[in-house]
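So the structure is just underneath, and the comments pick up after that.
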4 protein chains.
Amino acid sequence: MVKIISKKVLMKKLIIIVLLVAFAGLYGYGQRKMVNLPDLPGYVTLKCDFHMHTVFSDGSVWPTVRVEEAFRDGLDAIAITDHIEYTPKEDFIPVNHNAAWEIAKVAADEYNIMLVHGTEITRDMPPGHMNALFIEDASLLEVDSAEDVYAEAVRQGAFLQWNHPGWKSQEPDGIPKLYNIHKKLIEKGWLHGIEFFNDNEYYPTVLTFCRQFNLAVMANSDNHGAISEEYPSLYYSNRPMTLVFAKERTRNALKDAMFAGRTIAYFNDYLAGKEEFVKPFFYKCISVGKPYYQDDENVYFEVTNSSDIPFYLVNGVPEAPQSITLTANEVTRLVISKKASFPLIYDVKNVLIGEDEVLKVELKY
Amino acid sequence: MVKIISKKVLMKKLIIIVLLVAFAGLYGYGQRKMVNLPDLPGYVTLKCDFHMHTVFSDGSVWPTVRVEEAFRDGLDAIAITDHIEYTPKEDFIPVNHNAAWEIAKVAADEYNIMLVHGTEITRDMPPGHMNALFIEDASLLEVDSAEDVYAEAVRQGAFLQWNHPGWKSQEPDGIPKLYNIHKKLIEKGWLHGIEFFNDNEYYPTVLTFCRQFNLAVMANSDNHGAISEEYPSLYYSNRPMTLVFAKERTRNALKDAMFAGRTIAYFNDYLAGKEEFVKPFFYKCISVGKPYYQDDENVYFEVTNSSDIPFYLVNGVPEAPQSITLTANEVTRLVISKKASFPLIYDVKNVLIGEDEVLKVELKY
Amino acid sequence: MVKIISKKVLMKKLIIIVLLVAFAGLYGYGQRKMVNLPDLPGYVTLKCDFHMHTVFSDGSVWPTVRVEEAFRDGLDAIAITDHIEYTPKEDFIPVNHNAAWEIAKVAADEYNIMLVHGTEITRDMPPGHMNALFIEDASLLEVDSAEDVYAEAVRQGAFLQWNHPGWKSQEPDGIPKLYNIHKKLIEKGWLHGIEFFNDNEYYPTVLTFCRQFNLAVMANSDNHGAISEEYPSLYYSNRPMTLVFAKERTRNALKDAMFAGRTIAYFNDYLAGKEEFVKPFFYKCISVGKPYYQDDENVYFEVTNSSDIPFYLVNGVPEAPQSITLTANEVTRLVISKKASFPLIYDVKNVLIGEDEVLKVELKY
Amino acid sequence: MVKIISKKVLMKKLIIIVLLVAFAGLYGYGQRKMVNLPDLPGYVTLKCDFHMHTVFSDGSVWPTVRVEEAFRDGLDAIAITDHIEYTPKEDFIPVNHNAAWEIAKVAADEYNIMLVHGTEITRDMPPGHMNALFIEDASLLEVDSAEDVYAEAVRQGAFLQWNHPGWKSQEPDGIPKLYNIHKKLIEKGWLHGIEFFNDNEYYPTVLTFCRQFNLAVMANSDNHGAISEEYPSLYYSNRPMTLVFAKERTRNALKDAMFAGRTIAYFNDYLAGKEEFVKPFFYKCISVGKPYYQDDENVYFEVTNSSDIPFYLVNGVPEAPQSITLTANEVTRLVISKKASFPLIYDVKNVLIGEDEVLKVELKY
């Protein structure tokens with residue numbers, strides 16, 4: 001008379017039909033991940049990676065692979081940036097600095113990826129490695145003098161990005177330093193962005209430089225192999241991305257936004273950038289609900305985080321929770337003592353706005 | 001001079017800080033899953049499960065567990081429905097038909113779950129098992145005559161739901177049948193909903209009954225153990241849910257919507273319901289983008305599915321893809337031949353609107 | 001003429017057949033996890049958890065759930081240890097200290113789990129909480145005086161285990177201390193084991209006590225809800241287990257081994273115990289292969305870790321790798337400089353043999 | 001006085017130490033997966049993949065990638081088999097049929113992978129595509145006449161493998177056929193193996209051919225991109241592998257075993273091969289325990305499957321379970337009615353020994 005727990009009659013028909021269709025569907029088409037990150041008022045948020053390699057320098061994949069990866073990862077724009085000065089496969093692949101661009105271009109159109117023509121100018125420190133983005137012809141950048149090569153890049157309209165400025169192979173203490181050549185480039189307006197995140201490294205002082213000289217804060221993968229084998233992983237929740245706040249999703253708007261420094265660096269659940277972008281971005285990610293219940297001691301309410309980024313709130317006011325995790329794409333239930341001293345101010349541990357400074361926010365219901 | 005792939009300097013400080021905070025955060029608060037399902041114009045979509053058991057009948061968990069599970073799974077409302085006539089643990093737990101309700105009520109308030117007072121009236125077929133929902137006192141339903149028990153439930157204002165009408169232990173061929181007693185209940189207006197999905201079973205003819213008599217199509221877990229050990233699993237993407245389209249998120253609006261039959265049954269990537277609800281629901285889940293590229297042969301565009309439900313489109317028009325999977329929470333890229341005969345009409349294999357009928361939709365960019 | 005990457009003809013028939021069978025199989029039978037941990041010469045390694053609760057004290061599940069969980073998790077023996085002095089559900093469930101044992105016994109036989117009759121004697125610190133294991137009748141332990149209750153337990157032949165001795169609710173600084181009552185118990189031979197791991201806590205000084213007085217080092221879950229919702233998780237790789245080295249897989253041999261102190265505490269990739277057990281256990285987990293290749297500078301060889309426990313080797317000798325992770329159930333490839341000073345001695349960071357002491361091992365090919 | 005469920009004091013120190021070490025370890029060394037498959041008496045079971053591509057024909061990765069993938073996947077031997085007649089990247093990469101071999105050789109030595117020199121002779125059907133394995137110089141195989149090319153391969157000592165014989169682009173009905181040229185090759189002893197599994201396709205008639213002419217049954221990935229992006233996946237549990245039963249783990253023993261036809265094709269939880277290999281292989285995978293319990297009606301015992309392959313047993317004798325799944329690397333608990341007619345014979349649905357024939361086994365405790 002009664003249903004027994006272990007009884008199971010299976011939805012056989014239903015399940016098999018779904019599977020068949022799923023298979024058919026899976027292989028005819030492609031899926032692009034939805035990256036849940038909000039736009040800012042007046043801007044669309046473009047997800048970009050401006051640093052990666054292929055078999056045309058020291059990478060191990062064919063250029064079209066980079067486009068397919070970007071599509072799957074939900075990116076809007078990428079640049080393939082093979083080294084000008086380092087082509088270790090030249091015994092088997094003749095040097096051709098524009099090859100990757102030419103090969104990847106059609107795929108990019110078909111996959112709705114904005115492909116930025118780029119290259120990595122690969123020098124000792126100083127000045128270290130520098131990416132030239134939005135160029136016309138990489139082969140013209142094969143010149144000896146550092147000064148000449150940047151001049152040529154600028155002539156082509158390039159955005160110049162200083163790569164991994166604290167890379168220990170070039171800067172043994174890991175701390176980026178502005179050498180004379182960097183200062184000169186900045187004076188001339190020839191340096192436009194610096195990598196805060198490169199692969200799984202980060203360089204806190206970059207925030208200081210970018211704030212001082214209004215440069216774009218960048219985050220890129222510098223990937224050499226298959227990106228899916230690096231991110232996401234047990235240790236890294238997502239690939240590094242430069243978030244660019246552009247007037248629209250076009251190559252020109254992207255370029256304008258980068259030159260204007262409207263970016264946030266995003267990697268492994270961390271945001272790093274200027275407060276003017278990072279603050280409104282945070283408040284667009286979360287929404288605080290009205291209290292749904294209270295008892296003698298506590299008020300109960302929920303905070304919805306609709307973004308892919310968890311936020312780690314710390315240093316709460318007295319009697320309030322000292323730390324709160326607003327999990328990504330989830331609703332966090334808060335039980336706040338009526339004795340807490342309002343307003344509910346927190347430091348957001350994983351949102352960096354300066355070398356030693358994190359974003360301060362308020363939870364206001 | 002050049003970056004080597006295998007080089008890795010670790011983000012030690014950053015990572016450890018995040019972990020510490022994460023831990024602190026994880027245990028002080030609770031997270032509610034975001035179930036990505038759209039509202040309908042004029043209605044909020046409430047995610048509900050109106051059938052589950054505890055140690056007070058033949059379940060194996062304490063009533064508060066059901067509230068915590070519902071919270072974690074992102075539900076809005078649940079009913080605990082222990083059997084009136086089957087209490088196999090009575091040697092250890094004295095029979096108390098209202099105990100689960102009393103125990104769970106405070107937890108429900110604190111977790112923002114609407115707890116519906118319910119019970120399962122557990123009879124041989126016909127009429128089989130019937131849930132009485134929105135009751136006042138379950139102990140008054142411990143009466144011998146089936147007719148009397150439904151009368152008492154109705155007197156209390158109950159919504160009466162016929163459970164697993166094709167359960168093979170009671171209906172050996174698995175096909176639900178309207179016996180005289182069911183017809184009488186319907187005539188009197190005493191039957192308000194029928195389970196299309198119960199646990200991992202489904203009963204196609206329920207759609208016919210519900211359409212004919214304007215009853216609510218229901219999907220419930222009928223869970224006895226820990227729900228997390230059943231759903232999601234390798235085989236089932238989510239627990240069964242009754243989606244209720246209510247004017248607002250209140251107990252009264254929920255009840256009104258159910259009596260009005262404004263529901264969809266949802267389980268394991270399947271939707272089953274009346275076309276009037278299912279059709280607008282589908283179109284609120286997806287959005288078709290403008291073509292972003294074309295070449296001589298094809299048009300390229302993207303379809304965004306912002307819901308947790310993948311849609312399996314089949315039976316495409318000539319020269320169009322014959323089947324398309326619109327993966328949940330992803331963007332599907334479509335390449336359509338210019339020779340395809342428009343409009344692009346598809347059957348949605350996993351959206352059922354009748355016993356042998358699936359939803360027909362158009363992809364219109 | 002050539003195979004194109006995107007071509008996919010599906011193994012439809014094969015896949016569907018497998019799925020159907022898989023379903024049929026899944027629900028008729030049950031699977032027990034294989035826990036990959038080696039035996040020691042002359043002993044079998046029994047995986048045990050001697051601390052957990054049910055609805056008969058402050059747990060939230062029915063006793064049979066504990067047996068099913070143990071079966072799925074691959075355990076050999078468990079004890080359900082509801083509190084004698086704390087029965088918060090007594091308004092609904094009459095106090096019955098032997099109920100959980102009686103209810104779980106048959107299930108244990110059917111699932112090949114050795115069920116140890118136990119209870120938790122729940123007192124303020126000192127002496128704190130104490131589990132009595134291998135008892136005959138828990139109801140006789142409902143006595144006021146602490147001295148009397150231990151005497152009665154010992155009269156029944158109990159193994160007495162001191163639970164979470166550094167639990168901060170009872171011992172604010174988190175550091176276990178031997179109070180007079182503990183010393184007396186030890187003198188009388190009435191204390192047989194101490195929890196090093198309890199739930200996700202650990203107490204380093206327990207190793208000192210256990211070495212000094214030859215007590216068993218214990219690790220238990222102290223679980224109250226569904227164990228699957230706690231372990232494994234993002235943070236904990238497995239549930240706490242006491243590994244007992246018994247002459248054979250019988251209740252008597254288990255009891256003998258525990259009284260003899262032949263145990264290792266195992267939790268979250270950590271082992272803690274006396275060196276006499278931990279050292280041979282480590283060497284049974286791994287095997288070092290012969291060098292398969294060498295070049296001018298390096299020797300190449302592989303280390304196989306056939307256990308579920310990763311080993312974190314640190315403090316390598318000069319010119320050898322400073323740290324090595326021997327991943328669980330994988331083969332680790334080592335490239336060792338010919339200039340390294342042999343023997344290759346390492347500290348195993350996650351194998352604790354004393355309060356501040358880890359196991360030292362040699363990799364010898 | 002009592003432990004509360006929600007209390008959590010964290011193992012902070014412990015966890016952080018582990019993480020730091022884990023990181024250090026992860027990046028200095030490499031891990032090889034343990035593939036749990038038994039040896040046969042007198043033979044070691046070598047896990048092999050003899051069909052894959054690189055940028056030197058129509059693949060998209062550099063040759064060393066294939067070695068690293070094989071290492072991670074736990075393989076013993078691979079062959080890179082770029083097309084002789086199809087080199088679509090020749091505008092950027094000059095044709096060099098031995099390049100992949102030369103590039104991958106050192107990496108293979110360092111990673112303990114046996115690299116077999118191979119190539120794919122790429123012709124219309126008949127004869128279709130054919131891999132020449134264990135060759136000396138692929139460039140000598142660039143000859144027009146099919147007859148000449150096989151003669152040259154044989155002159156170099158090649159093992160000739162017929163690839164995807166039912167590939168629909170060449171054989172529209174998907175069913176492999178022995179054309180005259182194949183028969184001639186067989187007569188001359190110039191055909192040594194046929195792919196039963198290629199990528200996610202399979203060809204049942206291959207078993208008939210291999211049994212009739214004593215050829216090796218092969219399973220290969222025919223991979224073009226990153227293998228980690230194809231296997232394992234939601235749909236495929238592992239990459240295709242040819243299991244070769246060799247006298248020892250050396251290149252010569254491998255070659256001997258292949259010419260002797262001592263292989264099983266393994267893919268996606270399926271085994272296909274000659275009964276003489278498949279039958280002892282099955283019995284080495286499982287062990288049936290003694291009954292540990294019985295009641296009036298049933299006998300209880302456990303079957304341990306120590307391999308990575310689940311076995312789907314069907315068509316049980318009367319009163320015994322009709323189907324049983326012996327999950328991979330788990331222990332299956334069986335409850336058998338005392339009324340079952342012994343012996344317990346089953347068909348193993350996923351172990352194929354002929355076109356329409358599966359292995360029959362007995363569960364004997």
Side-chain angles (χ1 to χ4, degrees), chain A residues 6 10 18-20 22-27 30-31 53-69 72-73 82 87-104 107 199-201 223-231 233-236 323 335, chain D residues 6 10 18-20 22-27 30-31 53-69 72-73 82 87-104 107 199-201 223-231 233-236 323 335:
Chain A
S6 63
L10 295 164
V18 168
L19 275 171
L20 286 181
F23 274 90
L26 259 180
Y27 293 118
Q31 264 79 25
H53 297 272
T54 73
V55 292
F56 287 96
S57 64
D58 58 347
S60 61
V61 301
W62 193 244
T64 52
V65 170
R66 294 301 178 211
V67 172
E68 289 161 16
E69 291 174 343
R72 284 197 312 255
D73 289 349
D82 281 312
T87 49
K89 294 176 173 63
E90 63 191 23
D91 288 352
F92 298 96
I93 303 183
V95 171
N96 178 343
H97 298 306
N98 291 314
W101 158 260
E102 284 162 24
I103 292 166
D199 193 355
N200 60 4
E201 295 193 0
N223 200 232
H224 290 72
I227 194 115
S228 61
E229 295 177 1
E230 294 221 29
Y231 317 105
S233 73
L234 192 54
Y235 300 106
Y236 306 116
S323 66
V335 183
Chain D
S6 64
L10 294 164
V18 169
L19 276 170
L20 285 181
F23 274 90
L26 260 179
Y27 293 118
Q31 264 80 24
H53 297 271
T54 74
V55 292
F56 287 96
S57 64
D58 57 347
S60 61
V61 301
W62 193 245
T64 52
V65 169
R66 295 300 179 211
V67 172
E68 290 160 15
E69 290 173 343
R72 285 197 312 255
D73 290 349
D82 281 312
T87 49
K89 295 177 172 62
E90 62 192 22
D91 288 353
F92 297 96
I93 303 182
V95 171
N96 177 342
H97 297 306
N98 290 314
W101 159 260
E102 283 162 24
I103 292 166
D199 193 355
N200 59 5
E201 295 193 0
N223 201 233
H224 289 72
I227 194 113
S228 61
E229 294 176 1
E230 294 222 30
Y231 318 104
S233 73
L234 192 54
Y235 300 107
Y236 305 117
S323 65
V335 184

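Letters A, B, ... are given to chains in the order of the sequence lines, protein chains preceding strands, and every chain is numbered from 1. Computation of the quantities below employed the complete heavy-atom set of this structure, encompassing side-chain atoms and omitting hydrogens, waters and symmetry-equivalent molecules.
Legend: residues meeting side chain to side chain donor-acceptor pair (under 3.5 Å) with E102(D), ordered by chain and number and at least two apart, are absent. Every residue meeting the side chain to side chain donor-acceptor pair (under 3.5 Å) condition with S57(D), not counting sequence neighbours, appears here in chain and number order: H53(D), D82(D).
Among the candidates P63(A), A226(A), P94(A), A99(A), the residue making the largest number of heavy-atom pairs closer than 4.5 Å to chain D is P94(A). Ranked by heavy-atom pairs under 4.5 Å with chain D, the list R72(A), E68(A), K89(A) is led by K89(A). Between chain D and the options N96(A), V55(A), I103(A), heavy-atom pairs under 4.5 Å are most frequent for I103(A). When the candidates I93(D), D91(D), T64(D) are compared by the number of heavy-atom contacts under 4.5 Å with chain A, I93(D) comes out ahead.
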Side chain to side chain contact (heavy atoms under 4.5 Å, CB included), that's the test. Do V61(D) and S60(A) meet it? Break it down for me.
CA-CA 6 Å; V61(D) 301; S60(A) 61; 5.9 Å; no

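With E69(A) contributing its side chain and I227(A) its backbone, the two residues share a donor-acceptor pair below 3.5 Å.
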